[in-house]
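What follows is one structure encoded as structure tokens, with my remarks underneath.
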Amino acid sequence: MSSEPTALTAAADDLPPYVHDALRREATDLLVATGLVAAGNVTLVTPKPNIPADLAFPVFPAAKAAGVNPNEFAQKLAGAITPREGGLFDTVSAMGGFVNFAVAPDRFARAVVEGIFARGDAYGEDKSVGRGEKTVVEYSSPNIARKMHVGHLRSTVIGNSIRRILLALGYDVIADNHLGDWGTQFGTLLAALDQWKLSPWDDPDPVQSLVEIYARYNNAAKEDPALMDAARQWFKKLEDGDAWARETWQKLIDITMAEFDRTYQRLGVAFDTTHGESYYEPMLDEVVQEAVDKGVAKVEPDGAVAVDFGEALPSYLLRKTDGATLYQTRDVATCLWRWREYAPARNIYVVGAEQKLHFAQVFETVRRMGYPEIADRSVHISFGAVTDASGARFSMRKGTAIFLDEVLDEAVERAEATMREQIAAGRSEVTEAEIGPISEMLGLGSVFYADLYQGPERGIRFDWDKMLAFDGNTATYIQYTHARCRSILRKAGEDAAAQVAGADLSLLTEPEAQVVLKHLARMPQAVREAGEKFAPATVADWTYNVAREYARFYDKCPVLRAETAELRAARLALTAAVAQGLKNGLALLGIGAPEKM
RNA sequence: GCACCCGUAGCUCAGUGGAUAGAGCGUCUGCCUCCGGAGCAGAAGGUCGUGAGUUCGAAUCUCGCCGGGUGCGCCA
């Protein structure tokens, strides 16, 4: 089992195993002890909610191998098992080819809640999965001299969450922002600045000025093809090291990065390296030469250098006829550089689905160049495009793009408006001074969650009302549940922590409490699965489910007004465990958990 | 034309070999003298695009077909 604790972690923290893992081990041990089934043949499944059991063993394959009736085999197995004294399970039964294991509610409750308290903010983490293996995660990667828009949000938000999940799993993550800071687009800007003698540096919004200049030049070039030639020439000059070109290009980067850095700070998104495409520029000649020398690429009569994969994939260019390089060249260089620099266990690209072929070509190229290791370890996490209400893609040129700041500001405004309504209705504890920061947390949460709650492959049809909704499966609902938990704990009194610490957790046997506990116990599994599949949605789904089950419990079982002081303490402890779980789950998504809202 | 992705409730999506396919939104009906109603309970709503196949068992795996999207050499 991959989840086997290692000597390394055991020595590091000395914590009890996760309940989820303990249950599986206990069930497997009980089955194997019958002598009727081998450990290697035990595959356990989680029963559907309508089945009165917590873990199940489908006997069909084993029964078939033994040539016996599944139903009878299950009966025989269940009959041969006696639950361990003081173990997590207290009943084992057979039902239509399944051996069902049901937990002892009191012991289960204690194990789950104590496990959460023991780990605190680290609940859900499992450093033994990654064991410090280096993993490169490339995400966000906006273009210099452009504004970030809703399209960049997906890569940024998904990549940020993948980084956090991999860190929780003990990987040594290198988060890289692969800036678009090289290419013909800079030739275009240099040509425009040169031709029109512009100096946008001191404009009130210099990046906006650059976006406009770029559009203006491209429009003009449609009428006058000579302008396009000038743009290509300027890029060539930039590559060749022309002093003015280099100096101006650096200024473009500086003013754009000043703006991007503000945005990343607001989003709470971080990187370990910000190697733009230009970083690899000095390596390009060598990479192209190596590809040619190894017979992977061929120089064509017109001077262009192309890679031909035969039937496997469409061919593509590594060098243009004018000698300049392309995006593909730089990505091949990037992939090889990462291999030489880090030899990572994984090299992950969080980039839109429209670049699937591109990455397939890049990975296949490095494979054929003699680096199968990095090709095998590279993975493109692709996501569908964001489109407008009619299904059309947002276009910077047509002016239909929605900029990132617009989205964030609108989200925060809506959160604030709702909060003010709640305050006016006497349903919120938020004070005037707290409205600003909490609205920010809620607004950003909505925007993040809209990109994380579903699998990435599907496209997203942009819809303000849907993205910024705050009921049902939304970040707001989860944050709200967290705030309610914290509110209850505040109202429990000064000594709430002592009450929780002294609670008799075995009292949490009501069905509503048990359902909450079962969901809480699954967090480690959800995080591991999210890490394996690079799928933050798995964590989002877990977090939402915990919030929903707690809301049901909350409605049915009073905490502060529980029948007895003992029960009150136990329910307070469950509330504290839920608050901790929700906070940890949201943190993995890059979303904050407010104390009140 | 070829390749890849998607097709599950009116809408947006979970669910990748196990038991009666689940949520949210929307619609309809209930629940505030009681811990925060941004909430809770209930109802209606499904031939899992379609046709074969593999399997004790298929929304899930294989093949064909239909529909939608994306990509396929000098942009990134």
Side-chain angles (χ1 to χ4, degrees), chain A residues 43 45 47-51 53 56 58 60-61 63-64 69-70 95-98 100 141 143 146 180 182-185 188 232 277 300 302-307 311-322 324-328 330-331 352-358 360-361 382-385 387 391 393 415 418-419 421-422 425-429 442 453-455 457-461 463 465-466 469-474 476-477 479-481 483-485 487-492 537-538 540-541 544-545 548 551-552 554-562 568 571-572 575 596-597:
Chain A
T43 309
V45 299
K48 304 239 165 201
N50 56 313
I51 306 291
F60 305 99
K64 198 188 174 193
N69 176 293
M95 197 172 152
F98 291 85
N100 287 330
S141 311
N143 289 325
R146 304 280 185 90
W182 205 246
T184 310
Q185 53 179 326
T188 305
R232 274 191 286 266
E277 290 181 56
E300 301 193 339
D302 60 8
V305 178
V307 179
E311 295 291 301
L313 286 169
S315 65
Y316 75 99
L317 287 180
L318 276 180
R319 196 187 278 290
K320 301 196 270 191
T321 41
D322 69 359
T325 60
L326 295 105
Y327 174 58
Q328 287 89 334
R330 298 186 280 276
D331 257 353
E354 67 277 5
Q355 295 192 33
K356 274 200 162 180
L357 175 58
H358 164 74
Q361 289 168 325
S382 77
F383 50 85
T387 56
R393 305 191 62 177
T418 308
M419 204 182 317
E421 282 171 27
Q422 297 293 322
R427 287 200 293 261
S428 172
E429 302 166 10
L442 300 183
Y453 84 100
Q454 64 177 56
E457 288 291 353
R458 289 175 196 260
I460 288 187
R461 194 161 284 209
D463 180 325
D465 291 335
K466 199 178 154 244
F470 43 68
D471 36 36
N473 187 0
T474 63
T476 311
Y477 174 84
Q479 290 169 317
Y480 177 68
T481 307
R484 289 211 294 197
C485 289
S487 171
I488 290 171
L489 290 161
R490 278 194 300 275
K491 286 175 181 162
T538 306
D541 193 58
Y544 170 63
N545 276 299
R548 206 186 61 220
R552 288 178 176 161
Y554 168 93
D555 199 59
K556 196 82 181 290
C557 306
V559 177
L560 297 176
R561 284 158 220 240
R568 175 182 138 119
R571 287 176 180 174
L572 269 178
T575 300
K596 37 176 137 160
M597 59 190 269

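Quantities reported herein were computed from a predicted structural model and do not represent experimental measurements.
- Using a 4.5 Å cut-off on side-chain heavy atoms (C-beta onward), A:Ser382 and A:Glu457 make contact.
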Whether each nucleotide of nucleotides 32-38 of chain B has a protein heavy atom under 4.0 Å at its base (B), only at its sugar-phosphate (S) or at neither (-) is summarised, 5' to 3', as --SBBSB
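- The distance from atom CH2 of A:Trp182 to atom CG of A:Asn143, rounded to the nearest 0.5 Å, is 14.5 Å.
- Checking B:rU33 for Watson-Crick or G-U wobble geometry (two distances, each under 3.5 Å) identifies no partner in any strand.
- For the C1' atom pair drawn from B:rA52 and B:rA41, the interatomic distance equals 45 Å after rounding to whole Å.
- Summarising the base pairing, B:rG1 is matched to B:rC72 through a Watson-Crick or G-U wobble pair whose two defining distances lie under 3.5 Å.
- Remark: C1' of B:rG24 and CD of A:Gln454 are 12 Å apart, rounded to the nearest angstrom.
- Base-pair partner of B:rG64: B:rU50 (Watson-Crick or G-U wobble, both distances under 3.5 Å).
- Using the Watson-Crick or G-U wobble rule with both distances under 3.5 Å, B:rA59 pairs with nothing in any strand shown.
- Look at A:Lys466 and you won't find any side-chain N or O under 4.0 angstrom from OP1 or OP2 of B:rU12.
- Between A:Asp331 and A:Gln361, every side-chain heavy-atom pair lies at or beyond the 4.5 Å cut-off.
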What is the per-nucleotide protein-contact pattern of nucleotides 67-76 of chain B, from the 5' end, where B denotes a base atom under 4.0 Å from a protein heavy atom, S denotes such proximity for sugar-phosphate atoms only, and - denotes neither?
---SSSBBSB
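- Relative orientation of the A:Phe98 and A:Phe60 rings is perpendicular, given thresholds of 30° and 60° on the angle between their planes.
- Going from atom CD of A:Gln422 over to atom NZ of A:Lys596 covers 15.0 Å, rounded to the nearest 0.5 Å.
- What separates CD1 of A:Ile460 from C1' of B:rC11 is a distance of 15 Å, to the nearest Å.
- Comparing the P positions of B:rG22 and B:rG68 gives an interatomic distance of 32 Å, to the nearest angstrom.
- No contact: A:Gly426 has no heavy atom under 4.0 Å from any strand.
- B:rC5 and B:rA9 have their C1' atoms separated by 23 Å, given to the nearest Å.
- The interatomic distance linking A:Glu457 (CD) with B:rC13 (C1') rounds to 15 Å, in whole Å.
- Of all the heavy atoms in A:Leu318 and A:Leu326, the pair that sits closest is C-CD1, 3.9 Å.
- Using P as the reference atom, B:rU55 and B:rU62 are 16 Å apart when rounded to the nearest Å.
- Closest approach of A:Gly472 and A:Tyr477 over heavy atoms only: O-CB, 3.1 Å.
- Across every non-hydrogen atom of A:Thr474 and A:Ala469, the tightest pair is CG2-O, 3.6 Å.
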Walk along nucleotides 16-22 of chain B from 5' to 3' and tag each nucleotide B, S or - by protein heavy-atom contact under 4.0 Å, base first, then sugar-phosphate.
--BBB--
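- Rounded to whole Å, the separation between the C1' atoms of B:rC61 and B:rU54 comes to 8 Å.
- In this structure, B:rC28 and B:rG42 make a Watson-Crick or G-U wobble pair, each of the two defining distances being under 3.5 angstrom.
- One C1' atom belongs to B:rG37, the other to B:rU50, and the distance between them is 45 Å to the nearest Å.
- Rounded to a whole Å, the OH atom of A:Tyr453 is 8 Å from the C1' atom of B:rG24.
- The two residues A:Thr43 and A:Pro58 have their closest heavy-atom pair at O-CD, 3.3 Å.
- Under a 4.0 Å N-O distance rule, the pair A:Arg330/A:Glu277 qualifies as a salt bridge.
- Minimum heavy-atom separation, A:Gln328 to A:Leu317: CB-O, 3.9 Å.
- B:rC32 has its base syn relative to the sugar, with a glycosidic angle deviating from 0 by at most 90°.
- Remark: A:Thr321 OG1 to A:Arg319 CZ distance equals 11.5 Å, nearest 0.5 Å.
- Nucleotide B:rA9 is matched to nothing when pairs are restricted to Watson-Crick or G-U wobble geometry with both distances under 3.5 angstrom.
- The partner of B:rA21, taking Watson-Crick or G-U wobble pairs whose two distances both stay under 3.5 Å, does not exist in any strand shown.
- Both A:Thr538 and A:Arg552 lie near RNA chain B, and the one whose nearest nucleotide falls closer to the 5' end is A:Thr538.
- A 4.5 Å side-chain heavy-atom check between A:Tyr327 and A:Gln355 finds at least one atom pair inside the cut-off.
- Rounded to a whole angstrom, the distance from the C1' atom of B:rC74 to that of B:rG64 is 39 Å.
- Taking atom C1' in both B:rU12 and B:rG71, the straight-line distance is 26 Å, to the nearest Å.
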